Amino acid sequence: MSLVQALFYVMSFIALASAVYVATTTNLVRSIFMFFITLFALAGLYVLALADFVAITQIVIYVGGILVLILFAFMLSGKETLNAIGRERKTFISIGNLPALLLAALFLIVLVNMIFKVDADNLEWIKKSVALKNDIQPDAAMTENIGVNLMTTYLLPFEAISIILMVALIGAAHLSRKGDRS
Amino acid sequence: MISLTGYMVVSAGLFCIGLYMIVSKHNAIQILIGIELMLNAAILNLVAFGRYDRFNNGGQMFALYAIVLAAATTAVALAIILNVYRQYKTIDPGKIDELKD
Amino acid sequence: MNILTLIIFTPLLFGLIIALMPSRWRSSFKYVALLATLVQLAMSIWIYCNFKTGAAFGGINHETQFQFMQKLPWINLDLGAMGKMQIDYFVGIDGMSVSLLVMTSFVLVIAALSSWEIKSNLKGFFILFLILDMAVTGVFCSLDFFMFYIFYELMLLPLYFLIGMWGGAKREYAAIKFFLYTLFGSVFMLLIMVGLYLSVKDPVTGNHTFNMVQMMNPANYEPGSVFSVAAHQTIFGLSARAVGFVVLFVAFAIKVPVVPLHTWLPDAHVEAPTPISIILAGILLKVGGYGIIRVCLSIFPDIASSGAYWLGLLGVISIIYGAFNALAQKDLKRMIAYSSVSHMGFVLLGLASQTAEGISGAVMQMVSHGFLSTMLFFLAGVIYNRVHDRGINHFRGLASVMPNYTAFVIVAFFASLGLPGFSAFIGEIFSLTGAFKSHTVNGLLPYWMAACGSAGILIGAGYFLWTLQRMFFGTVNFKGGTVWQTALVDLNFREKLTLFPLAIMVLALGLMPSLVFYKINDSVLALVQFLQLK
Amino acid sequence: MEQFLQAIDTQTIIFTLTAVLLPLLAFVLNITMRGRWDKISGWVSTVAILLSCILSGFVFARVWNGHPVHQQLLWFTIGNTQLYAGILLNNLSVLMLLLVSVIALPVHIYSTAYMKDDEHYTRYFAFLSFFCFSMLALVVVDNLFLFYISWELVGFSSYLLIGFWFKRHKAIMANKKAFIMNRIGDMGLLIAIMVLFTQYHTFDITQIFADNGLISRSVMKNGLWVSPTGHLPAIWQYIACGGVFLAVAAKSAQFPLHTWLPDAMEGPTSVSALIHAATMVAAGVFLLGRVYPMFNGTELTILAIIGCFTAFMAATIALTQNDLKRILAYSTISQLGYMVMAMGIGAYASSLFHLVTHSFFKALLFLVAGIVIHQMRHINDDNGLGIDPQDIQHMGGLRKKLPFTFIAAIIGGLALVGLPLTSGYLSKDSILIHAFEWADGKGPLFKLIPVFALLTTWLTAFYVARLIVKVFFGELRLLKNTPGIKLHVSDGSWAYKLPLVLLAAGCLFPLFSANPIEFTRSWLFKGFSPAGGFGAESSAYALLPVLVNSLSLLVIYWAWLIYAKQKAGSLLQRGFLYRLSFNAWYFDEIYNNGIIKPVLALGRFTFWFDRIIINGSVNSLARTGILVSKLSSWFDRNIIDGFLNLLVAIVRAIGNFARKFQNGRVQYYLFSMLVIILSLFILKILV
Amino acid sequence: MHDLLPFLPGSINNVLDSIPYFMPEFYLALLFVLVLVTDLLFGRDSKKLCRIIACAGILLVVHKDYQQIELLLFTGQANGHFFFSEMLLLTHTAVNFKLIVDVLAFILLLYFGWDDNLNEHPKGQSDLYSIVTGSVFGLHLMIMAVNLLSIYLAIEMVSIASYLMVAYQSENALSTESGLKYVLFGAAASAVMLYGISLLYAFTGSLNLFSGNLVTGLMHVNPVAVSFALILVFIGIGFKLSFVPVHFWVPDIYQGAPTPVTAWLSTLPKIAGFALLINFLRPFIFFQNWNAFDFRLFLEVISIITMIAGNFAAVLQKNVKRMLAYSSIGHTGFAMLAVVTFNAAGFSALTYYLAAYGIANICALALATYFTNVAGAVDMDGYRGLGLKYPAASVCFVIALVSLTGLPVSAGFTGKLFVFSAVYSFYQQTHNFILLVMMITGALITVVSLFYYIKIPLNLFIKRADVPVNSTAKSTEILILAVVLSILIILLGVFPDLLLKYF
């Protein structure tokens, strides 16, 4: 297991470190590209959690969809100007950000505190799940499972989300469209 | 096995980084990225615990929906940000404050 | 069709007629409004004449003893586990209401007559006027707390606009102050009303009820409910019933008004146009007094007894404080407004005494003040209409310029300061007698209160006479010079027509107090008996 | 509650009722017919009062010394108390009924002439009739409630009449003062009535004050005032008496509430004659008569002291006055003091006797004064002099111009002084004798009362003499100062003369007693004295009249000398010098230095005291009242409303706090939201 | 596949059985597609057509909603029916909420076309109708959702549609600005909520509120942690309800959005949000030994603070829409009073109150539109003296405000009375003094709310105009709408059982 664990630590480190870079860099482009790294690292973590389908979806939709969208938006909204805005602040952690930093840090402390209080590995339901063999084994083919669930138990959200996407599509198209339709 | 606590800590870390971003960044796109980080923190949680939910697959399914919804939200948000840029020539939310008390 | 229902909704009907009439007929609106009030007056006189007296018609806490009753189911909801919610349309009158009802319809006629001075937005004015008319009439007829409350609140908005749109210079301030003050009282009244509703069950149907008459019977309270007499519930560590009483009392005390909740009154009275001042002083204040009788005393007799001292004290303070303030005023209407505070203090004092004399005196004082304040405000309106000024110091020697006017002023002033032969005297003297007697009869009020109250009569003489002396007597000297002198013509026919019946009424009640006492006596006795039983 | 009554009683009641209501009818007619009947309105009132007078006479004849007539009708019911309106006719009320109408009649007649030229002639008579109605009602009503009503109405009509010339600043100040002062008394009466009502559950005068009435069955026990119908703390008995006394003091102008009366002279003189001399001011004494059983020993003594003091004080003041009517006003106060004092010393009958006689001669004197003033005003108006027509310093020698008036004045004056053959002699004597009797066997301090009463008599003699001398004797001083003025002065028409005749007749002894010397023989006195009455043994009986009257004459003579001498050396004065030779100077010196100056000084002092301290304190009371009212008004505006403003400020403050977050920056919103969540978390951890 | 094979027929049957209970939503989905297709086919000229279709469709949906009452009663499931694998729960209350939402949506759909500002939008309105119908679908889901997934989905669905609606007038700077604020705040709130949901899932392994192990599972976890998770979820729900502290977006967005959209935002998502809140709380409240988190206390405190913050801040506003925004925050606080009782009476009171609020608020905003249309008035100062020029509209405005204040005779008053009665009877059972404080606050804010609501009549009628308004613009349709709504308000005030007997 050490390999898996090691991988976990590596992935976690990459994810967190890149996220910190994303958060702190003053260069928007770098920040966006660093976000790629974070997402990839997260996908790796998903794999480690035996959720390969989610990991793939993550890469396809996030990296392939969202980030590209963001880049497009970035380009469309005039790169130079935006960069100029981004570079206005030189300092790494300015005084202005101190409250934000403090807030985030306090949140972190509180959350970590909570996590240790919960003792996630010894939760009742996890023990029960392990006992009932309801946990996913590394060799299981979860994709099929997901497929079946998607068509039965989770049919409603599946259908609903199509409408959501449609709405989003219409709306985004409407907003992005310039001027009169004709 | 990887400890679930580990996942949770990583997720908490991501969440807080995202949180930091949404309140400190001066660029709407970066704020959006911050939100994505927070979403990913949640998804990480879901996925990690979804491992113990083989039949219902709740965690993983939720993660999938969350990713798709994030995409939809992002698309809408970006469209709006684009419009804002057209109107204000800036996307610093701190500078867009015509509506206030 | 029930006569009370008719009398309540007649004005609404006429209001609709006005609303539907085209604006070019605007000069006839006032006649329509006047007709509405006259019809009401006729009906109320019919009611008065057909109102039966005798121990079997005491009313108060016996539903069967009310007259001209009508009870229809109104809101009827099945709330499942919570039982049924039933609100009745329930009107009826006893002696307490009938005198005030007649007085109200009389005053409304006068108010309609004095609306001639209104020149702008006639349609709006008369529609609002008639809505207000309906609300005040409704208050005096309702026996269901919910209806009572609705009519009570319904008065506010028309008044707000009537003061705000047709009022004087500071009308916005006065209107909002009035509105906020009274609303402040009534929203808390709503809470108590709901509490009472949920505490009381109709013994017949087994549902909760808003029926005020049933609220007076301790047996109808659900055991353990908040306002149950036996349960001794507390709210914030205070006796729940005491809290209920105080809250309701505050709501009505604002209307009465009782010092220190009175400051809306001078502003509202001064800024309001004459007809509205008349309604405010003539009727609205009585709604407060009536509410104290019908709700505070009757539903919470136990607290009314234990708190009588404080009620009496407030009454005495109002009498003295109002009188002193009246003495200091430079504006005629303001002076009259403060005199109302003083006069209504007698009502509170009389009610607090819980003696037959005191309560009869209080009702008499209310009826009398209804006519008198109407007269006073109308008189103040007369000169205001002529020269748009009311400063006491701005006039001198009016008696030489307007002798008829002065004659009426003298009648009104002397009647107000309690000259025998006029109604206020009867009201005041019996309020005081009741208050004095109270210590011997039921030990509620100390003797000195009555003595202090009579000092109010003295100060009352002071400010009225001083005003007479400053404004009406002496050599003619106006602030506005000769312009005023030509503007200040004596009363015209309409004004005389308005004032004369008032003077007659005031005199008639003073000479024949049995006009009121005969009709109310059974109710007063029933109330006193009820209060003694607790 | 219709009771069967003997036909004769019913008739009496109807007569009384008619007598009372006729003036009211006249009032209503005059008010409603204003503008149309202007000229005959005076006669409407006069006829009404004449009829009243006749009817009163009938009633008087029937009831006097007969059985009292009492009839009542249910007026209204309040609670369990039934209020009856009724008429009570006994010796006291029929006497007053007759007195009022008899005095009112000449005054009415007089007024028709006196007020002839006034533009508000009708209003005057309306008010006058209204006064008569109130006053007549006051004397016949049978319960305290109605009594109070009439009592106030009397005050009100007095208010109207004092301020009749409402354009005169002084008049309206005076009527306000009168009314408010009376209101103080009314308040006292009101409290007294409330106390009695609480104690006895009735307003009925007979039930409470009759011989065997409730009050006679009440006793003081252990600090409680116990009656058959209940009990109250003893203090309320004193308060009730105090209230009644306050009422009496206000209406009958007793110390310390007397200052309104001199001011009230701003009204027409005829009004002063009727109201402020003969009838209304006597109402206080009448009230005392009505409720006499209420008072016990101590309270009566206090009454006596106050009455006596008032009498003396007013008399000293009257010495120095120059205003004709004011002198008479102070004299009235002084005489009322006598009556109150008489009540205090238990001389019930004497007090009422004096009340009646005083009414006649004081009304007479006022009417005389009215004529004089009227004529002086004529002179003033004819010549445009701009003098005060009431100032006696301008007068003099009028006896030649107004002989008729002069005679009337002499009769009235003598009666006032109380010289034999006048009615005043009888009543005043009776009071003085009673006072001495009363003081007998009491402590030395009690003797002061009769002594001062005696002194007052002489002071009275002096000022009356001074008045008459200054007005009627000597030369018209106006002529001296401004010679060549036109004088068209006469006694006036029959409407002036007839009232004087009528009243002057009433000032003489025959009306009251066949015996001009002994008051005990008077029918009036007997009517009020218990059977068997007064023993004639007392030595005072023989001595006092002689002493009093001789000294009075002396005083008058003194005055004569002083005032007549200063003008033209008349024979009389020389005759006096002749008899006393150089002592005249000596007397003069003594008079000037030893008596007059101190007395004048005392007079000035008491007047000053009256003006500054008493009047001042009343004024400062008013000032304090206004100050208090200003304060409370300030309090109202700033504190009570301020509280409201404070509430508004609080609402604003909270609102502003909530708004502070809305600075338009979305990240700030997020930040705030997250901070709140975080604090919730931390709170959750800590709790 | 092997794992789930045994359950497959059951699951498929479940799906098939669910369809009858899903008819309104089914029709809504069809309607959405129809509007969308119309929009695409007819392009620029489709505005009217889209509106007609949307309105007609909504009416049909209302009809279908109504049929669901019978369906529930017919199948004897008065307590509700779970369907779609317990994703959704249909109860009588839910049907009521759906009816209210659909009826109000119908009114709003009419109203969208009458706002001149929105009409001037160069890109047409057809897209808006598609978005709106989609949003109504989301609202329906929100009302019925009982699974964390469906809850999240529904909220997101409504949110995304709302972002688009707010930012719809892309040529209008304010609209765009508020869109940006809304989307950033909303996305952040939804991320926070998702994190909370993920924690709940982590703690229990279940997403199903009712039949799953969610509540029992949470009992075994550290209560502090559970509270955290629940608070985070509440943030998401609260974002829809706009209670403190998630109310910050409200004033800016309400002010900036096109007025009809403000009317939409202030009513429908809020009403649906309350249904969601009830559904979310139900398993916790009725779970016997639940003690990890005191929902009632939480809601009580939040309610009091919300009432105070919303109403007090509204006092100082000048812009009409902004003032109504703050007041809507206050109304949320008041409606939460009824939620706290958590019994049938409370729910029927809540439903009635929300219906009354919805009608009155839409009426008020419609009139705001009216005055903007005819006189260009946006701020209260702009309303000066308009009352006499436009008496009918002004009187309607007064009626709407009277109802919002809660004065008789209006639906708002009756609603307030019912809420008070419900809370009071609950107080009689529990004697919890915070309930009293809530009621007193509720009464107090009535006075405060009068203070700002009255400013509109004050300006309309009492203040005199500085500059006479010379406008010939007419907006008859809105006026008719407002008159109808005003009559409805009064009618419901006098005869509340017209509506209440269904609840």
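The structure presented is a predicted model; accordingly, all values stated were derived computationally and were not measured. These numbers come from the heavy atoms of this one structure, side chains and all, not from hydrogens, waters or symmetry mates. Lettering of chains follows the sequences in order, A, B, ..., and the numbering in each one begins at 1.
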Below 4.5 Å from any heavy atom of chain E, which atoms of [X] appear? Answer side chain, backbone, both or neither.
X: C/Leu180; answer: both
X: C/Leu157; answer: side chain
X: C/Ser199; answer: both
X: C/Trp74; answer: both
X: C/Leu183; answer: both

In terms of heavy-atom proximity below 4.5 Å to chain C, should [X] be classed as side chain, backbone, both, or neither?
X: E/Leu444; value: both
X: E/Leu388; value: side chain
X: E/Val423; value: neither
X: E/Val395; value: neither

Item to complete: Count the heavy atoms belonging to other residues, nucleotides or ligands that lie under 6.0 Å from OH of C/Tyr173, then report whether that count exceeds 12.
Response: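 Yes.
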
Discussion item. Please identify, among C/Phe146, C/Phe184, C/Phe161, the residue contributing the most non-hydrogen atom pairs under 4.5 Å to chain E.
Written reply: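 Greatest number of close heavy-atom pairs with chain E: C/Phe161.
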
Worksheet item: With under 30° as parallel and over 60° as perpendicular, where do the rings of C/Tyr152 and C/Tyr149 fit, or are they tilted in between?
Response: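 If you compare the ring of C/Tyr152 with that of C/Tyr149, the planes turn out parallel.
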
Worksheet item: Distance only, no hydrogens: is a donor on one side chain within 3.5 Å (strictly under) of an acceptor on the other, for E/Ser421 and C/Tyr197?
Response: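 Note: E/Ser421 and C/Tyr197 side chains miss the donor-acceptor criterion.
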
Worksheet item: Judged by modelled atom types alone, do C/Tyr181 and C/Thr263 share a side-chain donor-acceptor pair under 3.5 Å?
Response: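 Distance-only check passes for C/Tyr181 and C/Thr263.
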
Worksheet entry | Any side-chain heavy-atom pair of C/Met134 and C/Ile8 under 4.5 Å |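 Yes. Closest side-chain heavy atoms under 4.5 Å.
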
Item to complete: Among C/Phe148, C/Phe90, C/Tyr89, find the one that has a side chain to side chain contact (heavy atoms under 4.5 Å, CB included) with C/Ser142.
Response: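 Output: one option passes, namely C/Phe148.
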
